[in-house]
Amino acid sequence: MNKQQNILIIGAGLCGSLLALRMGQRGYNVSVYEKRPDLRQVNLDSGRSINLAFSNRGNKAMKLVGIEDKVKALCIPMNGRMLHDIEGNTVFAPYSGREHEHINSISRGALNALLLDEAEKHQNVSIYFNKKCKSVNFEKTTALFQDYETKNEFIEDADVIIATDGAGSIMRQSYYLVKKFLFSFSQDYLTHGYKELSILPTENGDYKTYKNALHIWGRDSFMLIALPNLDGSFTVTLFLSYVDGEYNFNNLTTKERVVEFFCKYFKDALELMPNVVDDFLKNPTSPLGTVKCSPWHYKGNTLLMGDAAHAIVPFYGQGMNASFEDVVEFDKVLDTYKGDWETVFKAYEASRKKDTDAIADLAIDNFHEMKGHVNNAIFREKRNLEMALEKQFPNDYSSKYSLVTFNEDIGYREAMLRGRAQDKAILNMLNDGTLIVKDDLKTILEKVKKQTEAILEDDRIAGLK
């Protein structure tokens, strides 16, 4: 490929700014157009999550572009879940039996700003803000934009257009509406939405509760979670149905009812959040949805990447990590195929889509796990057993969560299939009494491995490979 080719990227969010940085490093002429103002100059109150869970797959991308240490400085390690019951009692549940494995809380804005700064260090990368994409002509490889300030419309031409413009992607919309090729698309919403709240720091700037954990108040059909920020605060997110249940987003509309709800279900959290009513009534309620589509590309002209291709719900903490891993996998394909863009795009989607479909399904699974299963006795028994196995046999056993979150060298689909088989094996044996927690751990490991392989073989025979 001619390295002087012009790459147009639509969207300067996390995925788009990372892709711009990597393509800039590779020597391409890169232009990025973003509809929002430059977040480094204005405070954007978008209603989206302020902080995110950053883990190994995302860090793999930071290593690729050489900024791992700069990103690490923005991270707060979270070693496990702090589970809060309805009485305010807490139990700490580590993410892994291997002490070095943890996830991180990171500021979306700070990370995005860093990636933009790093991308703009390359003279061949230009980033333009307040430029809204209105449509993409994927046959001519052009995009129509409108400048928010002047209201003028203009067309940009490029050799390749890559859309990283999120779950509401304009290019994906163009694929769907123009009907020039067979395009499959699904967008499935949960009946739950989410609202951002906050635990402010103490007057001294300290944390009001344990810093190095992801806090979860799971209440079967809804939940509250909290992630730490560098300034001593926590970003708190309520996941709740829009219409179902005694309390839902549609009927929590007064100060009295909000306080009543939190007093009943999140009493210990309420004590940390004197500002909860103001946050609740002021901040938007946002939907939670999954987007799947195919194909991601049109010939060698255009490609969808990140949430534009595969938006997922946030319950595995892998949305950002999956988008960052997209860039790593795309980079590998660029190295493998030196031919035309169509070959690159086809090969990238063929290798990547099965994994993004898998993490979308896993994120839905984890929604049910976090809001309810974490409080189930047999689930806790399984998790405690898995922690013991990981601690005793760090090279021989990894839970489903560890396979997905810490084993960045295996794909999401392989992690899902093996992880689900292990879960099924352990839960079945705990239920029927063939696995005794007090047994020798080596014996338990052998039983789990044998039963897991049997389930995987059954899955293969059934065509679930």
Side-chain angles (χ1 to χ4, degrees), residues 55-57 79-81 83 91-103 216 218 220 312 315-318 354-465:
S55 54
N56 293 32
R57 293 177 194 272
N79 300 306
R81 298 167 172 170
L83 308 175
V91 174
F92 183 73
Y95 281 126
S96 170
R98 290 172 285 269
E99 289 185 6
H100 66 282
E101 291 182 338
H102 62 271
I103 63 174
I216 302 179
D220 292 330
I312 65 175
F315 302 108
Y316 230 110
Q318 287 295 308
K354 65 183 185 301
D355 288 323
T356 59
D357 283 352
I359 193 56
D361 295 343
L362 281 166
I364 297 288
D365 289 353
N366 224 38
F367 171 54
H368 300 294
E369 178 178 313
M370 290 172 74
K371 66 184 171 64
H373 298 174
V374 289
N375 298 319
N376 184 295
I378 196 165
F379 175 83
R380 286 197 184 180
E381 196 174 23
K382 176 182 83 73
R383 281 298 290 166
N384 290 337
L385 185 58
E386 289 190 301
M387 293 302 99
L389 289 173
E390 288 187 337
K391 191 169 186 176
Q392 187 77 21
F393 308 104
N395 299 319
D396 294 319
Y397 188 82
S398 288
S399 69
K400 180 175 72 180
Y401 186 88
S402 290
L403 288 168
V404 170
T405 308
F406 305 124
N407 285 257
E408 66 271 26
D409 294 325
I410 70 169
Y412 284 125
R413 180 159 176 80
E414 183 184 342
M416 178 183 74
L417 294 175
R418 177 160 292 279
R420 282 179 171 175
Q422 286 176 177
D423 285 354
K424 190 174 179 181
I426 294 173
L427 289 169
N428 284 349
M429 288 191 288
L430 285 173
N431 267 322
D432 63 22
T434 55
L435 198 64
I436 310 298
V437 175
K438 292 179 182 177
D439 282 352
D440 171 66
L441 277 176
K442 181 73 173 172
T443 304
I444 289 174
L445 178 64
E446 287 170 359
K447 283 184 178 179
V448 171
K449 278 189 164 184
K450 183 178 179 182
Q451 191 62 25
T452 299
E453 290 305 323
I455 292 168
L456 285 169
E457 182 57 28
D458 287 346
D459 287 348
R460 278 189 283 271
I461 292 168
L464 300 175
K465 56 185 178 179

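Position 1 is the first residue of the sequence, and the numbers go up from there. As a basis for the values below, the full set of heavy atoms in this structure was taken, side chains included, without hydrogen atoms, waters or symmetry mates.
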Contacts of Asp355 that satisfy side-chain contact (heavy atoms from CB on, under 4.5 Å) - sequence neighbours left out |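 Applying side-chain contact (heavy atoms from CB on, under 4.5 Å) to Asp355 gives Arg352, Tyr412, Arg413.
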Non-neighbouring partners of Ile410 that pass side-chain contact (heavy atoms from CB on, under 4.5 Å), sequence neighbours left out |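 side-chain contact (heavy atoms from CB on, under 4.5 Å) list for Ile410, sorted by chain: Arg57, Leu403, Asn407, Glu414, Ala415.
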From [X] [atom1] over to [Y] [atom2], what is the distance, rounded to the nearest 0.5 angstrom?
X      : Y      : atom1 : atom2 : answer
Asp365 : Leu362 : CG    : CG    : 5.5 Å
Leu441 : Gln392 : CG    : CD    : 5.5 Å
Glu101 : Ser402 : CD    : OG    : 5.0 Å
Asn79  : His100 : CG    : NE2   : 12.0 Å
Lys400 : Asp423 : NZ    : CG    : 4.5 Å
Met429 : Asn431 : CE    : CG    : 11.0 Å

For the residue pair Ser55 and Glu408, confirm or rule out a side-chain donor-acceptor distance under 3.5 Å.
->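 Not at all, the side chains of Ser55 and Glu408 share no donor-acceptor pair under 3.5 Å.
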Can you tell me if Gln422 and Tyr397 form a side-chain donor-acceptor pair at under 3.5 Å?
->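 Their side chains do contain a donor-acceptor pair, which is all the 3.5 Å distance test asks for.
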Do the non-hydrogen side-chain atoms of Ser399 and Lys382 ever get within less than 4.5 Å of each other?
->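 Sidechains of Lys382 and Ser399: no contact.
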Does the side chain of Phe379 come within less than 4.5 Å of Leu427's, by heavy atoms?
->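 They are not in contact (no side-chain heavy atoms under 4.5 Å apart), so the answer is no.
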Before accepting this row, confirm whether a basic side-chain N of the pair Asp459/Arg420 lies closer than 4.0 Å to the acidic partner's carboxylate O.
->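 Looking at Asp459 and Arg420, the cut-off is not met.
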Cationic N near anionic O, under 4.0 Å, Lys391 to Glu386 |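 No, Lys391 and Glu386 are not salt-bridged.
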Grab the two heavy atoms, one from [X] and one from [Y], that are nearest each other, plus how far apart they are.
X      : Y      : answer
Tyr95  : Arg383 : O-NH2, 3.5 Å
Ser96  : Met387 : C-SD, 3.5 Å
Leu435 : Leu430 : O-CD2, 3.9 Å
Thr405 : Tyr316 : OG1-CE2, 4.0 Å
Arg98  : Pro394 : NH1-O, 2.9 Å
Ala93  : Leu83  : CB-CD1, 4.3 Å

Please tabulate, one pair per line, all N/O donor-acceptor pairs under 3.5 Å involving side-chain atoms of residues 442-452, not counting sequence neighbours.
unit_1: Thr443; atom_1: OG1; unit_2: Asp440; atom_2: OD2; d: 3.3
unit_1: Lys447; atom_1: NZ; unit_2: Thr434; atom_2: O; d: 2.8
unit_1: Thr452; atom_1: OG1; unit_2: Val448; atom_2: O; d: 2.7

With side chain to side chain contact (heavy atoms under 4.5 Å, CB included) as the test, would you mind laying out the steps for Asn366 and Val404 before giving the verdict?
-> CA-CA 12 Å; Asn366 224 38; Val404 170; over 6 Å; no
